[in-house]
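In what follows, residues are counted from 1 in the order of the sequence shown.
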Amino acid sequence: MMNKPNLFIVSDVHGCYHTFVELLKSWKPETEQLIQLGDLIDRGNHSPSVVKKARELHDEGGIFLKGNHEFIDRKSTRLNSSHIPLSRM
């Protein structure tokens, strides 16, 4: 799974979709393994969009760990409305 020579590690996105996408512009997928250390959701206004993007990246080989906010908000309206089960990550 991790056959790339470098790591690109992200954490504490907290629902800030636009910041997340901007940060991903620095990621070099050819040579860097994407690892997200949790807390995709919570404070920002775009948690469903962040989860959707994370699912896409996970399906492409990104590694996503659940943080405390994913465990706390697992049944929140924000996540359920995104139609993306966090449990698949």
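- To the nearest 0.5 Å, the span separating CD on Gln36 from OG on Ser11 amounts to 6.5 Å.
- Under the rule for a side-chain contact (heavy atoms from CB on, under 4.5 Å), the partners of Lys25 that lie at least two apart in sequence or sit in another chain are Glu22.
- Ile41 contributes atom CD1, which lies 10.0 Å from atom NE2 of His14 (distance to the nearest 0.5 angstrom).
- Interatomic distance, NZ of Lys52 versus OH of Tyr17, reported as 8.0 Å (0.5 Å rounding).
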- Query: So Gln33 and Ile63, side-chain contact (heavy atoms from CB on, under 4.5 Å) or not? Walk me through it.
  - Reply: CA-CA 8 Å; Gln33 174 64 54; Ile63 298 171; 3.7 Å; yes

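- Side chains of Asp12 and Leu40 form no contact here, defined as non-hydrogen atoms less than 4.5 Å apart.
- Trp27 and Phe8 have tilted rings, their planes meeting at an angle from 30° to 60° on a 0 to 90° scale.
- Between Leu23 and Val10, some side-chain heavy-atom pair lies under the 4.5 Å cut-off.
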- Message: Would Val13 and Thr19 count as a side-chain contact (heavy atoms from CB on, under 4.5 Å) here? Give the steps.
- Response: CA-CA 8 Å; Val13 175; Thr19 302; over 6 Å; no

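- Put simply, the side chain of Leu24 reaches to within 4.5 Å of the side chain of Lys53, judged on heavy atoms.
- Here the side chains of Phe64 and Leu34 are in contact, with some heavy-atom distance below 4.5 Å.
- Looking at every heavy atom in both residues, Gly15 comes nearest to Ser47 through CA-OG, 3.6 Å.
- Residues satisfying the side-chain contact (heavy atoms from CB on, under 4.5 Å) criterion with Ile9, sequence neighbours excluded, are Leu7, Ile35, Leu37.
- Lys4 places a side-chain N or O within 3.5 Å of a backbone atom of Pro29 that can act as its donor or acceptor partner.
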